[in-house]
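Structure, as structure tokens:
In each ligand, atom 1 is the first atom listed, and ligand 1 is the first ligand listed.
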Amino acid sequence: MSTLSESSTAPTVTTPVSERPIGVFDSGVGGLTVVSAIQRLLPHEDIVYLGDTARVPYGNKSPETIIRYAQQDVQFLQSQNIKAAVVACNTATAHALEAVRQSYAFPILGVVEPGVEAALAATVNGRIGIIGTTGTIQSGAYQKALLTRRPDLQLTAQATPLLVSLVEEDWLTHAATHLILAEYLAPLQAARIDTLVLACTHYPLLKGIIRSILGDEVKLVDSAENMALALQSRLKQDSLLREGGQHAGRTRIHVSDLSPHFAPLAKRFLGGRVGAIDRVRLES
Ligand code: DGL
């Protein structure tokens, strides 16, 4: 097992790398759906979360800007002595995953691949729908990854830019949300999809209302759950999984802007206790 020397002056104490935290970042609060899935699957792991709330949304920004922001986000996580990083933002994964992977030596996982694998496993009729931010859909990242594996698939990709704001407003069951979703999902229904990829951190919170429109026969692929599974297998493969023991994993939340709105929203995304939230300054 690889180890890290804690200090050169103190008596030599070595901490296994596997006991370092996992870093997770998103453009804002939405990535906490991924944190929640990681907490459920890997309860012994410590997590450091960064939400770039000062610069959210990423979904309508240019690829160059998203890459710059993502580099700074990972740089912050690296300063927290992490063992691996998760890009919990679909837009940042779509545009910046390759760039950040080239800059850092620790494993960096994105949400696109796990979602693609799950969609391939779920579809029976080969008709898959994808909904996400304008940036994610325009990047073509999901479409390319799916068609590389199965060129015969029929894909219907739909940018759904209004949904992030509706979720942030807590309009999860609101009639207006139903109306907007029905409009967005109509082309996917017409294409007779049997699987829908929820290609945005915020959308797992809309599963109920999406099901009420599409019915139970359409399988919903949730990037949060699939990301946690992919992380587990990568940590295992790299001998970085923390041994269970008595340790109860802790999650520390950092944001680049802290408004009064954040803590209640974070609680809803995390589905539980939030603890202290630190404001950090990211390079701009
Ligand atoms: N986190 C973003 C994503 O998953 C949604 C919010 C944003 O546009 O920044 O694509």
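Of the heavy atoms in T201, both backbone and side-chain atoms come closer than 4.0 Å to ligand 1. At a heavy-atom cutoff of 4.0 Å, ligand 1 is contacted by the side chain of D26 but not by its backbone. Residue contacts with ligand 1, taken as heavy atom pairs separated by less than 4.0 Å, involve T91 via backbone and side-chain atoms alike.
A heavy-atom separation below 4.0 Å is not found between G30 and ligand 1.
Proximity annotation for atom 6 (C) of ligand 1: of S27, A94, G135, S27 comes nearest, heavy atoms only.
Ranking the protein heavy atoms by distance from atom 2 (C) of ligand 1 puts C89 SG, 3.5 Å first. Of the protein's non-hydrogen atoms, C200 SG, 3.6 Å is the one closest to atom 5 (C) of ligand 1. In terms of protein heavy atoms, atom 8 (O) of ligand 1 is closest to G59 N, 2.9 Å.
Residues meeting the salt bridge (Lys or Arg N to Asp or Glu O under 4.0 Å) test with R101, sequence neighbours left out: E98.
Within 6.0 Å of NZ on K267 lie no more than 12 heavy atoms contributed by other residues, nucleotides or ligands.
Short contacts between ligand 1 and T133, defined as distances under 4.0 Å to a heavy atom of the residue, involve ligand atoms 5 (C), 8 (O), 10 (O). The V56 neighbourhood of ligand 1 comprises atoms 9 (O), with distances under 4.0 Å to a heavy atom of that residue.
A distance-only check finds no donor-acceptor pair linking the side chain of K207 to the backbone of Y203 [under 3.5 Å].
Within the 4.5 Å cutoff, the side chain of V164 has heavy atoms near those of the C200 side chain.
For H95 and Y58, the distance between ring centers is not under 6.0 angstrom.
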From CA spacing to verdict: side chain to side chain contact (heavy atoms under 4.5 Å, CB included), L172, L206: CA-CA 6 Å; L172 304 183; L206 294 171; 4.1 Å; yes

Report, one line per pair, each donor and acceptor closer than 3.5 Å where one atom sits in a side chain of residues 273-281; sequence neighbours left out.
{"from": "R279", "atom 1": "NH1", "to": "S256", "atom 2": "O", "distance (Å)": "3.2"}

